[in-house]
Amino acid sequence: MSEENGNRSGLKTDSRIEKLLSQGHFVVTAEIGPPKSASPKGIIKNATLLKDAVDGMNLTDNQTAIVRLSSIAAAVHVMSAGGEPIIQMTCRDRNRIALQSDLLGAASLGIKNVLCLSGDHQSFGNHVTAKNVYDIDSIQLVSMVKTMRDEKKFLCGEEMKVEPRMFIGAAANPFADPFEFRVVRLAKKVAAGADFIQTQAIFDIERFKRWMAMVRDQGLHEKVAILGGVLPAKSFGAMKYMKDVPGMSIPEDLLKRMKGTPKEKQPEEGIKICAELIQMIREVPGVRGVHIMAVMWEETVPEIVKMAGLLPRPSVA
Amino acid sequence: MIVASRKPMKEIVSFLEGTSDLLIAGCSECVTVCQAGGEKEVLVLAAELDMYFRDRGRKVDIVTAVCNRQCDPEFVEEISSLAARVDTILSMACGVGVQFLAERYRDKWVVPALNTTFGGGATRPGVWEERCGMCGDCVLHLTGGICPVIRCSKSLLNGPCGGSQDGKCEVSKDIDCAWQLIYDRLKEIGKLDLIYRVLPPKDWSKSRDGGPRKVVREDATV
């Protein structure tokens with residue numbers, strides 16, 4: 001490890017997220033969806049709005065298999081606006097050669113966090129006749145990034161001079177099946193080298209608590225920083241739609257509460273529910289942060305963070 | 001076996017625009033079993049094409065034959081006298097058969113009547129399902145006899161992904177999640193420890209690219 005990379009502090013990277021976690025802060029991250037266009041304006045606008053409300057911003061990687069401005073380019077725009085980017089990287093569109101190349105490129109641009117994902121299947125997107133790649137899977141991607149960072153080696157075993165020092169994230173979905181295997185899969189991600197976890201959006205707090213109890217039983221919360229995912233629903237319709245998305249679980253009482261709210265008040269209620277969920281998640285032992293996925297509704301994030309009592313955000317000491 | 005299905009009539013006839021003498025060649029192996037290119041299907045297609053050409057006032061002579069195996073030069077030879085009489089051969093075998101015919105009958109216009117789809121078998125009468133992706137590096141001993149490469153929509157070796165719900169794949173409720181099947185099977189036979197390990201990236205060089213793969217058995221060569 002080189003000195004400039006913060007080994008004096010015992011940290012693995014220069015990531016702001018890693019620093020805040022190591023200082024015991026409850027971390028807040030949020031998602032920014034890059035546009036279906038070559039314009040950086042929306043990203044810069046959102047990053048500027050969010051930079052004092054969150055500690056890091058995820059840039060999605062062609063989410064739901066719809067072509068968008070690349071996550072790495074979007075991350076550069078986030079940095080220009082003063083934010084800390086977390087690039088998402090899926091295994092759907094790139095093989096091991098392209099993934100490693102982009103990791104080097106991302107690190108060279110100053111990106112310090114990566115979230116390793118399988119990626120949504122192309123049949124959900126706008127290029128359904130595309131061929132998916134899946135040369136490696138998300139767990140193997142985690143392991144590859146770790147090997148590059150900690151051993152300065154490419155997947156093939158060849159050495160590199162300057163390694164990409166990435167704080168490594170992975171996803172976990174406590175609401176997918178088989179439920180009892182979900183914690184095993186988390187353990188596999190931790191064994192592969194994940195430093196932090198961002199979960200699928202939590203609505204079903206009871207199931208999340210059951211999952212976290214299993215996580216704690218295995219001591220995984222001490223090996224990896226778990227950030228609970230939340231997603232503000234803009235309307236009853238949006239919530240109902242999400243109920244049918246594979247891997248999502250939304251309790252009936254939340255649906256009822258949203259349905260019983262007048263339509264014009266539903267966005268406000270969605271924000272309230274989201275802030276309440278954050279407070280509940282914060283109470284769950286072992287959780288070290290939240291990740292807010294305000295899809296197409298990024299501007300609402302500061303209000304949610306404020307309502308959840310998480311402002312102001314700490315500065316890196 | 002290799003499972004195939006017939007191309008749409010419109011596409012088949014588009015290959016035959018300049019044809020005046022046609023041989024429709026079936027195959028007695030896989031495509032007979034999956035009812036795509038055996039004797040019966042050859043005769044049905046011959047009758048359909050005959051009617052199609054007559055309706056359009058085209059005179060096309062059609063002959064038919066069924067090889068024992070189109071993937072074997074010895075059996076491809078069986079149709080040589082019929083092949084000599086035509087300008088076009090429409091193969092109702094898999095892609096292997098089409099190519100073996102094209103290699104043997106070089107002066108003929110050899111075209112496919114089928115889409116070769118996968119390595120699989122019948123799960124019930126009339127329904128064939130994919131089972132093998134022919135990746136060249138079998139992992140079934142690690143996954144309870146269920147192939148993640150071809151049965152998981154993302155070919156995950158360390159699945160299931162976050163889209164697995166109620167035993168189904170995120171892609172469709174009609175697709176079983178391969179990793180749920182693997183999990184259930186390994187649990188059933190007390191070998192869950194097999195999927196507690198992280199499987200390393202696969203060697204895809206055994207699967208495709210770098211030209212056609214070859215299997216050579218020295219003791220069988222002459």
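All chains are named by letter (A, B, ...) in the order of the sequence lines, taking the proteins before the strands, and each is independently numbered beginning at 1. Any value given below was found using the heavy atoms of this structure, including those in side chains, with hydrogens, waters and symmetry copies removed.
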Could you tell me which portion of Leu192(B) (side chain, backbone, both or neither) has an atom closer than 4.5 angstrom to a non-hydrogen atom of chain A?
neither
Is a donor on one side and an acceptor on the other found under 3.5 Å between the side chain of Thr123(B) and the backbone of Trp128(B)?
no
Checking heavy-atom separations under 4.5 Å from chain B, one finds in residues 209-220 of chain A none
Among Glu170(B), Lys154(B), Arg197(B), which residue has the highest count of heavy-atom pairs closer than 4.5 Å to chain A?
Lys154(B)
Which bit of Arg92(A) comes within less than 4.5 Å of chain B, counting heavy atoms only: side chain, backbone, both or neither?
neither
Pull out the residues in residues 118-135 of chain A that come under 4.5 Å of chain B, heavy atom to heavy atom, sorted by number.
Ser118(A), Gly119(A), Asp120(A), His121(A), Ser123(A), Phe124(A), Asn132(A), Tyr134(A), Asp135(A)
Would you please classify the geometry between the Tyr183(B) ring and the Phe181(A) ring as parallel, tilted or perpendicular, with 30° and 60° separating the classes?
tilted
Please check if any side-chain donor atom of Glu31(A) sits under 3.5 Å from a side-chain acceptor atom of Thr60(A), or the reverse.
no
Among Ile17(A), Ile32(A), Val114(A), the one residue meeting side chain to side chain contact (heavy atoms under 4.5 Å, CB included) with Ile86(A):
Ile17(A)
Out of Lys189(A), Gln200(A), Arg96(A), Arg185(A), which one racks up the most heavy-atom pairs below 4.5 Å with chain B?
Arg185(A)
Identify whether the distance between the nearest side-chain nitrogen and carboxylate oxygen of Glu129(B) and Arg131(B) falls below 4.0 Å.
yes
In terms of heavy-atom pairs under 4.5 Å with chain A, the winner among Ser207(B), Gly167(B), Gly159(B) is Gly159(B)
In terms of heavy-atom contacts, does CZ of Arg124(B) have more than 12 from other residues, nucleotides or ligands at under 6.0 Å?
no
So for Asp184(B), is it side chain, backbone, both, or neither that comes closer than 4.5 Å to the heavy atoms of chain A?
neither
Check the surroundings of atom OH in Tyr241(A): do more than 12 heavy atoms from other residues, nucleotides or ligands lie under 6.0 Å from it?
no
For atom NZ of Lys243(A), decide whether the heavy atoms of other residues, nucleotides or ligands shown that lie under 6.0 angstrom number more than 12.
no
Which bit of Asp177(A) comes within less than 4.5 Å of chain B, counting heavy atoms only: side chain, backbone, both or neither?
both
Near Trp204(B) CH2, under 6.0 Å, is it more than 12 heavy atoms from other residues, nucleotides or ligands?
yes
Heavy-atom contact with chain A under 4.5 Å, split by part of Lys168(B):
neither
Which bit of Met248(A) comes within less than 4.5 Å of chain B, counting heavy atoms only: side chain, backbone, both or neither?
backbone
When heavy-atom pairs shorter than 4.5 Å are enumerated against chain A, which of Pro160(B), Ser155(B), Cys169(B), Ser172(B) gives the highest number?
Pro160(B)
Step through the shown structure and confirm whether more than 12 heavy atoms of other residues, nucleotides or ligands are within 6.0 Å of CG on Leu43(B).
yes
Taking side chain as everything from C-beta outward and backbone as N, CA, C, O, which of these in Leu141(A) sits under 4.5 Å from a heavy atom of chain B? Side chain, backbone, both or neither.
neither
